[in-house]
Undergrad: 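Starting off with a structure, shown below.
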Amino acid sequence: MRKYFWLFIVSIVAIFGLAGFYFSCQRPTFQHNNEKVADSLVRMSMRALNRDSFALAFHNLNDALNIYANTGNKKGEMATRINLAIVYYGIETFEDAQQELNTVKPYVNLLDTIYQIMYYRIHAIVETTYTKDYNRAITYMHKALGLDSLASNQISLFQDLANLAEIYIRNNQHDKAQEIINNIEQMNVMKPNELTSQYYFSYGLLLYDYKQYDEAYAKFRKCLDYSTSFNQPHLKLQALGRIKSIDSLKNDNKSYVSNLRNYISLNDSLSGRRITNQIARLQEQQKMEKEHQEEERRHTMTIFYFTALSVLAALLAVIFFLLYRHSRTIQRNTQLEVEKLDSEIMLERMQNELLRLKVHQKGEQLKEVQKENMSMSLKLASLKEQTDTSSLQTFDETFRLLNEKFGTELRQRFPRLTTNEQRFLCLIKLGMTSQEMMSVLNITSSGLYKMRYRLKKKLNLEGEETIESFLSAIG
């Protein structure tokens with residue numbers, strides 16, 4: 001039984017070793033769980049945005065998003081979604097931007113102050129550009145300004161005030177817009193930078209609505225200069241649109257035509273760039289979806305193979321268990337067969353003894369008494385030296401004299417029986433025990449069992465039919 005046990009153990013170890021090797025080979029190629037990598041990807045995406053590489057920024061942010069999601073870092077995940085909203089806004093897929101912002105909304109308080117400001121700022125800009133809900137945009141911008149004040153961030157405060165001024169103007173709240181412009185002028189942060197162009201654009205819008213076209217024209221011109229210097233094409237386009245409108249109102253046809261050409265050229269360029277970025281983003285998204293599908297396929301195959309190997313291991317366990325049970329059953333059946341044979345022999349002896357008593361009591365003929373005496377003589381002859389061949393010959397002759405009919409019928413019906421097999425049957429007929437038969441025939445218990453088995457086959461005995469019962473019907 002030990003060989004089955006060790007074979008089972010070796011098989012199970014081999015199966016799970018192969019499973020481990022397979023799973024190690026099937027691991028996804030991109031599986032960072034290092035948040036430092038995610039942080040680096042976010043920084044790389046911001047640099048890509050500064051170069052208008054929206055597709056690269058989109059790719060890096062999505063990779064970072066997956067890492068944060070896998071590690072359960074909600075704070076990092078929400079910050080990344082805000083940056084994604086900025087990317088979507090940049091390529092003018094406003095619905096996607098708003099969806100990302102709505103996802104972030106329940107988790108805003110988890111974020112650092114700078115990301116909370118970014119959330120409210122981009123939310124206000126999306127509401128202004130996409131939904132035209134200026135009142136909600138004003139609410140978001142005020143929240144951003146409150147955080148700017150708490151953080152004492154003058155630059156961010158300047159930017160958000162300039163944005164709020166534009167929203168007020170678009171919402172026809174010119175008095176509030178004028179108040180904000182006055183506050184900006186008193187802030188003493190007018191060193192030219194990328195935020196300056198927004199201030200001049202908002203100021204120009206206010207003057208334009210007041211119909212102070214010359215002053216508005218000057219502000220828009222400054223906005224145009226700064227937006228050109230700091231690569232802000234969208235703000236530059238808006239400034240050109242207002243400038244050509246003022247040229248039209250002033251009937252300055254030459255300037256109008258020149259600015260119109262610049263406006264159309266820039267607009268076409270931005271439209272082409274927007275379409276290119278949207279296509280690049282869609283291609284990148286398709287690529288990511290394909291990678292995700294491939295990952296899902298690998299995951300499904302991994303589960304399938306693991307299940308198959310588990311089933312195989314279970315089947316092997318069942319097979320080895322059944323082999324073990326079968327082996328034990330054979331041993332038990334062999335033991336039971338030997339015990340059964342002994343019981344049958346004992347029963348047969350008791351029946352013979354009972355028959356003898358009955359015959360004796362009824363006064364059987366002397367021949368029967370002589371037969372019993374000869375039977376006992378044969379038993380005694382069997383106890384002689386096993387090498388004494390004359391005793392076996394004497395045994396054969398004695399048995400023929402004792403029961404000639406039995407021997408004749410046995411040889412006629414079964415001519416293939418050997419001499420030893422005939423002797424064995426004769427011993428059974430005489431009612432000898434297994435030990436006595438082994439002594440006469442000079443065989444072991446295993447040889448006795450095998451001879452019984454072969455004789456059952458030769459005598460065509462089936463099922464539970466015994467040699468003893470068969471012989472009782474002969475002679």
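Not measured: the values here are computed from a predicted model.
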Undergrad: About how many Å separate CG of Leu41 and CE of Met46, when rounded to the nearest 0.5 Å?
TA: 11.0 Å

Undergrad: Identify, with sequence neighbours excluded, every residue that meets salt bridge (charged side-chain N to carboxylate O under 4.0 Å, His left out) alongside Lys450.
TA: none

Undergrad: Roughly how far, to the nearest 0.5 Å, is CZ of Phe158 from CG of Asn163?
TA: 10.0 Å

Undergrad: Does a sphere of radius 6.0 Å around CD in Gln99 hold more than 12 heavy atoms from other residues, nucleotides or ligands, not counting ones at 6.0 Å or beyond?
TA: no

Undergrad: If I compare all heavy atoms of Tyr140 with all of Tyr120, which pair ends up nearest, and what's the gap?
TA: O-CB, 3.3 Å

Undergrad: Tell me if a side-chain donor or acceptor on Asp112 pairs with a main-chain N or O of Tyr115 at a distance below 3.5 Å.
TA: no

Undergrad: Salt bridge or not between Glu337 and Arg332? Use side-chain N to carboxylate O under 4.0 Å.
TA: no

Undergrad: Got a donor-acceptor contact below 3.5 angstrom from the Asn171 side chain to the Ile167 backbone?
TA: no

Undergrad: Return yes when atom NZ of Lys176 has more than 12 non-hydrogen atoms of other residues, nucleotides or ligands closer than 6.0 Å, and no otherwise.
TA: no

Undergrad: Hey, could you give me the OG1/CD1 distance between Thr103 and Ile82, rounded to the nearest 0.5 Å?
TA: 11.0 Å

Undergrad: Using modelled atom types and a 3.5 Å cut-off, is there a donor and acceptor pairing between side-chain atoms of Thr93 and backbone atoms of Asp96?
TA: no

Undergrad: Should Lys457 and Glu462 be marked as a salt bridge (Lys or Arg N to Asp or Glu O under 4.0 Å) after you check the CA-CA gap, both sets of side-chain angles, and the distance that decides it?
TA: CA-CA 8 Å; Lys457 294 289 185 180; Glu462 297 180 353; over 6 Å; no

Undergrad: With distance as the sole test, does Ser227 use its side chain to make a donor-acceptor pair with the main-chain N or O of Leu224 at under 3.5 Å?
TA: yes

Undergrad: Mind telling me whether Phe470 and Phe414 have parallel, tilted or perpendicular rings, with 30° and 60° as the class edges?
TA: perpendicular

Undergrad: Just checking, any donor-acceptor pair under 3.5 angstrom between side chains of Gln178 and Asn182?
TA: yes

Undergrad: On a heavy-atom basis, which atom in Thr71 and which in Tyr68 lie closest, and how many Å separate them?
TA: OG1-O, 3.2 Å

Undergrad: Does this structure show an ion pair linking Lys219 with Glu215, if we count only N-O contacts that are shorter than 4.0 Å?
TA: no

Undergrad: How long is the gap from CG on Asp148 to CD on Gln154, to the nearest 0.5 Å?
TA: 9.0 Å

Undergrad: More than 12 non-hydrogen atoms from neighbouring residues, nucleotides or ligands closer than 6.0 Å to NZ on Lys244, yes or no?
TA: yes

Undergrad: For Ser245 and Gly241, indicate whether the former's side chain and the latter's backbone hold a donor-acceptor pair under 3.5 Å.
TA: yes

Undergrad: Out of curiosity, Ile180 CD1 to Leu206 CG, how far, rounded to the nearest 0.5 Å?
TA: 10.5 Å

Undergrad: Closest heavy-atom contact between Ser434 and Leu448?
TA: CB-CD2, 3.5 Å

Undergrad: Are any of the side-chain heavy atoms of Tyr119 and Arg121 separated by less than 4.5 Å?
TA: no

Undergrad: For Lys250 and Asp214: C-alpha separation, side-chain torsions, deciding distance, then whether salt bridge (Lys or Arg N to Asp or Glu O under 4.0 Å) applies.
TA: CA-CA 9 Å; Lys250 294 169 62 176; Asp214 291 336; 3.4 Å; yes

Undergrad: Would you say the side chains of Gln198 and Gln159 form a donor-acceptor pair under 3.5 Å?
TA: no

Undergrad: Does one side chain, of Asn259 or Ser255, offer a donor that lies under 3.5 Å from an acceptor on the other?
TA: yes

Undergrad: First locate atom CD of Gln116, then atom OH of Tyr107, and finally report the distance between them rounded to the nearest 0.5 Å.
TA: 15.5 Å

Undergrad: Keeping Ser469 on the side-chain end and Glu465 on the backbone end, is there a donor-acceptor pair under 3.5 Å?
TA: no

Undergrad: Is a side-chain N or O of Thr444 found less than 3.5 angstrom from the main chain of Gly447, in a donor-acceptor match?
TA: yes

Undergrad: Whether the side chain of Glu436 engages the backbone of Thr433 through a donor-acceptor N/O pair (distance < 3.5 Å, no angle test) should be reported.
TA: yes

Undergrad: Determine, step by step, whether Glu77 and Lys74 satisfy the salt bridge (Lys or Arg N to Asp or Glu O under 4.0 Å) criterion, reporting the C-alpha distance in whole Å, the side-chain angles of both residues, the deciding distance to 0.1 Å, and the verdict.
TA: CA-CA 5 Å; Glu77 181 184 346; Lys74 276 292 179 187; 3.7 Å; yes

Undergrad: State whether the side chain of Asn251 and the backbone N or O of Asp247 hold a donor-acceptor pair below 3.5 Å, judged by distance alone.
TA: no

Undergrad: Where do Ala57 and Ser45 come nearest, in terms of heavy atoms and distance?
TA: CB-O, 3.5 Å

Undergrad: How close do Pro233 and Leu266 get, heavy atom to heavy atom, and via which atoms?
TA: O-CD2, 3.7 Å

Undergrad: Tell me which one of Tyr200, Phe220, Phe201, Tyr199 satisfies ring-ring contact (aromatic ring centres under 6.0 Å, His included) with Tyr226.
TA: Tyr200

Undergrad: Can you list everything that forms a ring-ring contact (aromatic ring centres under 6.0 Å, His included) with Tyr217? Sequence neighbours excluded, please.
TA: none

